[in-house]
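The block underneath contains the structure these notes are about, expressed in structure tokens.
Computed from a predicted structure; not experimentally measured. We name chains A, B, ... by the order of the sequence lines, and we start the count at 1 in each one. Every heavy atom of this structure was used, including side-chain atoms; hydrogens, water molecules and symmetry mates were not.
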Amino acid sequence: MDKYLVVLLGPTGVGKTDLSIFLAEHFNTSIVSSDSRQIYKEMNIGTAVPEKEYLERVKHYFIGSLSVKDYYNSWKFEQEAINRISQLHHSSDVVLLVGGSMMYIDAICNGIDDIPTIDKDLRDDLQKKYEEEGLDSIRMLLKKLDPVFYAQVDLKNGKRVLHAVEVCLMAGKPYSELRTKNQKERDFKIIKVGLNRNREELYDRINQRVDIMIEDGLIEEAQKLHDLKHLNSLNTVGYKELFGHFDGEYDMEEAVRLIKRNSRRYAKRQLSWFNRDKDIMWFNPDDKEEILKAIKAKMQ
RNA sequence: GGUGCCAUAGCUCAGUUGGUAGAGCAAUGGACUGAAAAUCCAUGUGUCCCUGGUUCGAUUCCAGGUGGCACCA
């Protein structure tokens with residue numbers, strides 16, 4: 001009997017959660033979350049974690065399982081989620097992967113190349129060099145360490161250049177040699193269901209959801225995390241804009257405006273990424289029965 | 001009803017001494033392999049309210065109309 005992973009993806013605010021409960025109950029299965037921010041237990045309101053009732057009705061994994069202080073990345077997620085999925089496949093033929101974090105989804109569906117974990121000291125040293133000597137000096141390093149990747153990389157993107165240098169130094173060989181781009185074999189079949197709405201409707205939903213988050217106490221939630229704002233986990237839409245307000249950079253109205261705008265832009269970036277993937281079947285989240293039918297057809 | 005002011009991008013507005021126009025905000029498209037809700041790149045989208053007039057040429061000047069605002073009745 002074939003095992004299936006049904007991947008439910010789409011931009012933020014499109015309505016993945018409601019549909020995921022419907023599908024999970026229909027297939028009598030669990031949900032593995034592929035959301036890089038809902039995984040942190042201190043960030044519930046701002047990341048629109050499914051409401052308590054849903055979490056009780058359907059077993060969810062990778063929601064609220066980490067602290068914002070924990071270091072995490074998509075490679076770790078790949079290891080842990082793949083393990084979890086195969087364990088769940090013992091008792092269920094269908095498992096749901098639900099979330100909008102593009103690279104987390106990719107890590108499960110395609111796999112990520114094996115490269116060494118970067119030493120914290122090395123990361124800090126390079127970061128310091130970047131800040132003191134500028135991007136150009138990091139670029140020169142990369143040119144020397146890995147001319148092949150240097151020719152491919154977006155040289156204006158500091159993070160990319162920096163990371164490539166880190167990997168070269170850590171691995172002792174060029175990053176480009178480690179980038180196989182090989183698709184990993186999985187022992188389950190993948191069915192990708194993409195959710196989208198017309199742009200105006202999607203943006204309305206995003207805007208409204210931000211207002212609801214504020215009513216639900218997002219400001220208080222962010223206040224508690226203010227001291228930790230330097231953490232990567234808190235470099236997140238909904239929190240960083242409030243930190244800016246707490247630090248006196250602008251008023252609350254402006255903070256809310258920025259949260260809405262940045263959420264919309266995030267949704268746009270997600271769509272850009274997903275649109276490349278020709279395996280995705282696209283639907284409006286309201287068409288539940290149609291979606292179910294399409295999934296079942298794929299399982300024939 | 002009268003007088004005055006205004007009408008230009010999705011919004012707020014600038015501008016053209018007459019040669020079809022540009023800022024901010026918003027928006028759009030894209031990249032992406034161990035920070036990814038991150039990070040980076042690119043893009044001005046327009047009956048310049050309508051109809052006539054003057055002019056080689058009108059978004060710009062003139063007249064009328066329409067709509068909005070203010071004041072006076």
Side-chain angles (χ1 to χ4, degrees), chain A residues 9-14 16 33-40 43 45-49 68 70-81 99-120 122-124 126-127 130 135 138-139 149 152-168 170-171 175-184 199-200 202-203 206-207 209-210 213 230-242 250 254 257-277:
Chain A
L9 55 85
T12 189
V14 78
K16 294 186 288 294
S33 164
S34 49
D35 188 301
S36 70
R37 298 295 133 116
Q38 288 183 0
I39 199 169
Y40 297 110
M43 303 163 70
I45 300 169
T47 61
V49 162
V68 290
D70 294 327
Y71 176 73
Y72 205 68
N73 59 43
S74 49
W75 181 78
K76 285 191 176 188
F77 179 72
E78 180 185 346
Q79 312 306 306
E80 293 174 9
S101 295
M102 300 88 87
M103 206 153 82
Y104 279 33
I105 296 167
D106 243 38
I108 300 303
C109 296
N110 304 321
I112 295 181
D113 287 331
D114 206 22
I115 61 173
T117 296
I118 309 303
D119 208 80
K120 190 169 183 309
L122 175 62
R123 173 156 288 183
D124 292 346
L126 273 174
Q127 184 65 35
Y130 176 44
L135 180 55
I138 307 294
R139 278 198 204 115
F149 191 66
Q152 300 167 353
V153 74
D154 172 4
L155 288 168
K156 289 180 181 167
N157 192 329
K159 275 194 184 181
R160 294 263 159 74
V161 177
L162 212 49
H163 180 61
V165 171
E166 287 176 344
V167 175
C168 293
M170 203 68 209
Y175 180 38
S176 53
E177 284 180 22
L178 300 167
R179 282 164 56 87
T180 66
K181 294 211 168 203
N182 285 344
Q183 176 125 0
K184 286 186 188 161
R199 196 59 66 86
E200 198 184 343
L202 177 64
Y203 283 4
I206 289 172
N207 295 157
R209 196 173 67 164
V210 172
M213 285 175 181
H230 58 282
L231 295 172
N232 177 253
S233 52
L234 288 167
N235 185 186
T236 300
V237 175
Y239 297 87
K240 58 182 174 186
E241 297 85 356
L242 286 171
Y250 37 73
E254 174 68 359
R257 192 187 72 81
L258 290 173
I259 293 172
K260 289 176 179 172
R261 184 197 66 185
N262 292 341
S263 298
R264 278 181 251 129
R265 290 182 176 174
Y266 171 50
K268 174 64 191 69
R269 269 179 276 132
Q270 289 174 298
L271 287 169
S272 262
W273 177 291
F274 295 141
N275 280 152
R276 272 194 311 188
D277 189 341

Check your understanding: From the list B:G34, B:A36, B:A26, which nucleotide is the closest neighbour of the side chain of A:Arg261?
Key -> B:A26
Exercise for review: Figure out the CD1/C1' separation between A:Ile108 and B:A36, and round it to whole Å.
Suggested key: 14 Å
Review point. Considering only the C1' atoms, how many Å lie between B:C11 and B:A27, rounded to the nearest integer?
Key: 11 Å
Review point. Over how many whole Å does the gap from A:Glu166 atom CD to B:G34 atom C1' extend?
Key: 10 Å
Check your understanding: When all nucleic acid strands are considered with a 4.0 Å heavy-atom cut-off, which category describes A:Asn110: base, sugar-phosphate, or nothing?
Key -> nothing
Exercise for review: Determine the interatomic distance between C1' on B:U12 and the same-named atom on B:U51; round to the nearest Å.
Suggested key: 29 Å
Exercise for review: Could you work out the separation of B:C71 and B:G22 based on their P atoms and round it to a whole Å?
Suggested key: 37 Å
Point to revise | Gap in Å between the two C1' atoms, one belonging to B:C61 and one to B:G46, rounded | key: 23 Å
Review point. Expressed as a whole number of Å, how far does the P atom of B:G10 sit from that of B:C50?
Key: 14 Å
Practice item. Calculate the interatomic distance between A:Ile259 atom CD1 and B:A26 atom C1'; express it in whole Å. Key: 17 Å
Review point. Rounding to a whole Å, what distance do you find between A:Lys268:NZ and B:U43:C1'?
Key: 12 Å
Practice item. Give the rounded distance in Å between these two atoms: NE2 of A:His163 and P of B:C40. Key: 16 Å
Review point. On a whole-Å scale, what distance lies between the P atoms belonging to B:G19 and B:C40?
Key: 41 Å
Check your understanding: Touch check for A:Tyr104, heavy atoms < 4.0 angstrom, all strands: base, sugar-phosphate only, or nothing?
Key -> sugar-phosphate
Review point. Rounding to a whole Å, what distance do you find between A:Lys260:NZ and B:C25:P?
Key: 19 Å
**Study point:** Candidate nucleotides B:A36, B:G34, B:A31, ranked by approach to the side chain of A:Asn232 - the nearest
**Key:** B:A36
Check your understanding: Looking only at atom C1', what distance separates B:G57 and B:C25, rounded to whole Å?
Key -> 35 Å
Review point. Yes or no on side chain to side chain contact (heavy atoms under 4.5 Å, CB included) for A:Leu258 and A:Tyr250, after CA distance, side-chain angles and deciding distance?
Key: CA-CA 10 Å; A:Leu258 290 173; A:Tyr250 37 73; 3.8 Å; yes
Practice item. Starting at atom CG of A:Asp106, determine the distance to atom P of B:A35, rounded to an integer number of angstrom. Key: 15 Å
Check your understanding: Do A:Glu80 and A:Tyr72 have a side chain donor and acceptor closer than 3.5 Å?
Key -> yes
Exercise for review: Could you check how far CD of A:Gln270 sits from P of B:U28, rounded to whole Å?
Suggested key: 14 Å
